[in-house]
Peer 1: 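Take this structure, written in structure tokens, and hold onto it; I'll ask about it next.
None of these values were measured; they are calculated from a predicted model.
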Amino acid sequence: MQFGDFQTLCSKVPSYTWCNLFYRQVLDHDPALFTGASVNPTSAPVGVNPECGIPKVQTNGSLGNIANIIACVLSVFVVAALIVFTSRRKAAVGRSELRLFFVLYLLTLPFQILTNGSVIQQGSKALVVLTAIHAGLVATLFWTLLANAIVATQIVEDGTLSSLIPFSVISLFFFVATTFISLDVALTFNDTFGPSNPQQSLNSISLFVLTSIWPGVATLIYLGIMLYIVLRVLNEVKPVWYYVISAILFVLSQLDYFLLSEVICRGSSMKVDGSFIATILETAAVVVLYYAWRGITEETAEDWDMDYYPS
């Protein structure tokens, strides 16, 4: 196994979204590699030769990844409420940037339903395009998370063009680059990002970095910057617990997704997997992040400036 290989992830992690891209790649270049449930695209679950996977909806009475679909729908309402609450705090530092982060997270939820809900046929161009857009949104989401930490340092004034223009330009870059790379992995426009060599390795270093390494790195840097601001600049303790709890919830969501999904899938006879728990934990982490931000922006904008730049 080499760096950038998705083979193990696509066989051992049920509903691993980015495997949709490699399913199409294998379908176009070497369909003989498919075994088991992956052989028939009309009923194939998410993954490439998965050891356990939820069959496509209406296959032998399958409801698709129904538990995660419900979790995503409920999360949409929760995050929509956070957007409203954030918008009402007009004097709070970083309001516009945090709202954009919530909007992006909200957008990933319906895409999650479509890309790992086992509702669209594997190998179809529609699923490939939706998965590529989903990947672009995820990579951009974690840039906006990191950008919120940068804004919190007040290197640039929040909510102004000096903040929003670079924020938006870099966001667009992440989205376009990741979406293009994802499409190229699946459809192989050229030999830059695909196909895998050897084919069964399902390898794409660029996609692996943008969808697996980058989110973790961005989260760690964000957490480090925010803890520094809260502890050293604002001399607060209570908000730290919100950031720590949010980080713990996010880590637990990833542990569940990558380590427990297959166990849950087998235990439920391929009815559900761990993705719905991961979605619930991720949404909970986002909610706690809102409370952390609210905890450090209780004062008016003027009070913030006085505290932030002591004489």
Side-chain angles (χ1 to χ4, degrees), residues 6-28 30-78 107-135 137-138 182 185-186 200 202 211 253-283:
F6 282 79
Q7 181 182 19
T8 300
L9 293 170
C10 289
S11 64
K12 292 186 176 296
V13 181
S15 301
Y16 192 56
T17 308
W18 320 129
C19 300
N20 297 335
L21 304 171
F22 290 101
Y23 189 99
R24 176 58 184 256
Q25 185 186 107
V26 173
L27 187 66
D28 286 344
D30 194 359
L33 289 176
F34 288 134
T35 60
S38 288
V39 171
N40 185 359
T42 60
S43 61
V46 176
V48 178
N49 302 330
E51 296 181 5
C52 186
I54 300 171
K56 182 180 174 291
V57 66
Q58 295 183 339
T59 301
N60 297 324
S62 173
L63 297 175
N65 196 351
I66 186 64
N68 193 44
I69 291 172
I70 293 172
C72 287
V73 171
L74 294 176
S75 294
V76 165
F77 290 103
V78 172
L107 289 175
T108 66
L109 294 168
F111 274 93
Q112 190 176 158
I113 293 173
L114 296 170
T115 58
N116 71 13
S118 292
V119 296
I120 301 176
Q121 181 175 315
Q122 279 293 330
S124 65
K125 187 169 289 186
L127 184 59
V128 166
V129 172
L130 289 169
T131 303
I133 295 172
H134 188 184
L137 288 172
V138 168
S182 300
V185 165
Q200 60 266 26
L202 309 181
T211 60
S253 74
Q254 301 309 297
L255 291 175
D256 161 75
Y257 192 57
F258 289 102
L259 300 181
L260 296 181
S261 268
E262 186 179 358
V263 176
I264 296 171
C265 180
R266 292 185 184 276
S268 66
S269 300
M270 299 182 292
K271 298 291 192 303
V272 298
D273 56 35
S275 58
F276 80 97
I277 299 175
T279 297
I280 293 171
L281 290 172
E282 287 170 356
T283 300

Peer 1: Does T131 have any side chain to side chain donor-acceptor pair (under 3.5 Å) partners at least two apart in sequence or in another chain, and if so, which?
Peer 2: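 Only N20 meet the side chain to side chain donor-acceptor pair (under 3.5 Å) criterion with T131.
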
Peer 1: Could you verify whether a donor N or O on one side chain and an acceptor N or O on the other, from T42 and N40, lie under 3.5 Å apart?
Peer 2: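 Checked: T42/N40 side chains pair up, N/O donor to acceptor below 3.5 Å.
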
Peer 1: Do N116 and N68 come within less than 4.5 Å of each other through their side chains, counting heavy atoms only?
Peer 2: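 A side-chain contact exists here, since the closest heavy-atom pair is under 4.5 Å.
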
Peer 1: Measuring from I66:CD1 to I113:CD1, what's the distance to the nearest 0.5 Å?
Peer 2: 9.5 Å

Peer 1: Would you check if the side chain of S62 reaches a backbone N or O of T59 as a donor-acceptor pair within less than 3.5 Å?
Peer 2: no

Peer 1: What distance do S43 atom OG and Q122 atom CD have between them, rounded to the nearest 0.5 Å?
Peer 2: 10.0 Å

Peer 1: List the atom of P55, the atom of M270, and the distance in Å for their closest heavy-atom pair.
Peer 2: CD-O, 3.8 Å

Peer 1: Where do S38 and N49 come nearest, in terms of heavy atoms and distance?
Peer 2: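 The answer is OG-N, 2.7 Å.
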
Peer 1: Identify the residue among S11, P14, P45, C19 that makes a side chain to side chain contact (heavy atoms under 4.5 Å, CB included) with P50.
Peer 2: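 Considering S11, P14, P45, C19, a side chain to side chain contact (heavy atoms under 4.5 Å, CB included) with P50 is found only for P45.
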
Peer 1: If I compare all heavy atoms of L114 with all of I120, which pair ends up nearest, and what's the gap?
Peer 2: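 The answer is O-CD1, 3.8 Å.
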
Peer 1: Strictly distance-based, threshold 3.5 Å: is any side-chain N or O of S75 a donor or acceptor partner for the main-chain N or O of T283?
Peer 2: no

Peer 1: State, with a plain yes or no, whether a side-chain heavy atom of I69 is found less than 4.5 Å away from one of L63.
Peer 2: no

Peer 1: Closest approach of G123 and L127, non-hydrogen atoms and distance?
Peer 2: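 Shortest heavy-atom separation between G123 and L127 comes out as N-CD2, 4.5 Å.
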
Peer 1: Atom CG in L130, atom OG1 in T17: separation rounded to 0.5 Å?
Peer 2: 11.5 Å

Peer 1: Check whether S118 reaches the backbone of G64 with its side chain - one donor and one acceptor, N or O, closer than 3.5 Å.
Peer 2: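 No: the side chain of S118 does not pair with the backbone of G64.
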
Peer 1: Measure from the side-chain N and O atoms of Y257 to the backbone N and O of S15, and report whether any donor-acceptor pair falls under 3.5 Å.
Peer 2: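 Yes, the answer is positive, given that a donor and an acceptor are paired below the 3.5 Å cut-off.
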
Peer 1: Looking at side-chain heavy atoms only, is the closest gap between H134 and W18 below 4.5 Å?
Peer 2: yes

Peer 1: Given side chains that start at C-beta, do those of S275 and N65 come closer than 4.5 Å, heavy atoms only?
Peer 2: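 SC-SC contact between S275 and N65 confirmed.
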
Peer 1: Mind checking salt bridge (Lys or Arg N to Asp or Glu O under 4.0 Å) for K12 and listing every partner two or more places apart, or none if nothing turns up?
Peer 2: E51

Peer 1: Distance-only, no hydrogens or angles: does the Q25 side chain make a donor-acceptor pair with backbone N or O of V185 under 3.5 Å?
Peer 2: yes

Peer 1: Between D273 (side chain only) and C52 (backbone N and O only), is there a donor and an acceptor less than 3.5 Å apart?
Peer 2: no

Peer 1: Would a 4.5 Å heavy-atom cut-off, applied to side chains only, mark I70 and F276 as touching?
Peer 2: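 They are not in contact (no side-chain heavy atoms under 4.5 Å apart), so the answer is no.
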
Peer 1: Taking the side chain as everything from C-beta on, heavy atoms only, tell me whether L9 gets closer than 4.5 Å to F258.
Peer 2: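 Side-chain contact under 4.5 Å: yes.
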
Peer 1: Atom CG of L109 and atom CG of L74: how far apart are they, to the nearest 0.5 Å?
Peer 2: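 One gets 10.5 Å once the value is rounded to the nearest 0.5 Å.
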
Peer 1: OG1 of T279 to CG of D256: how many Å apart, nearest 0.5 Å?
Peer 2: 9.0 Å

Peer 1: Mind checking what makes ring-ring contact (aromatic ring centres under 6.0 Å, His included) contact with Y23, not counting sequence neighbours?
Peer 2: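 Only F34 meet the ring-ring contact (aromatic ring centres under 6.0 Å, His included) criterion with Y23.
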
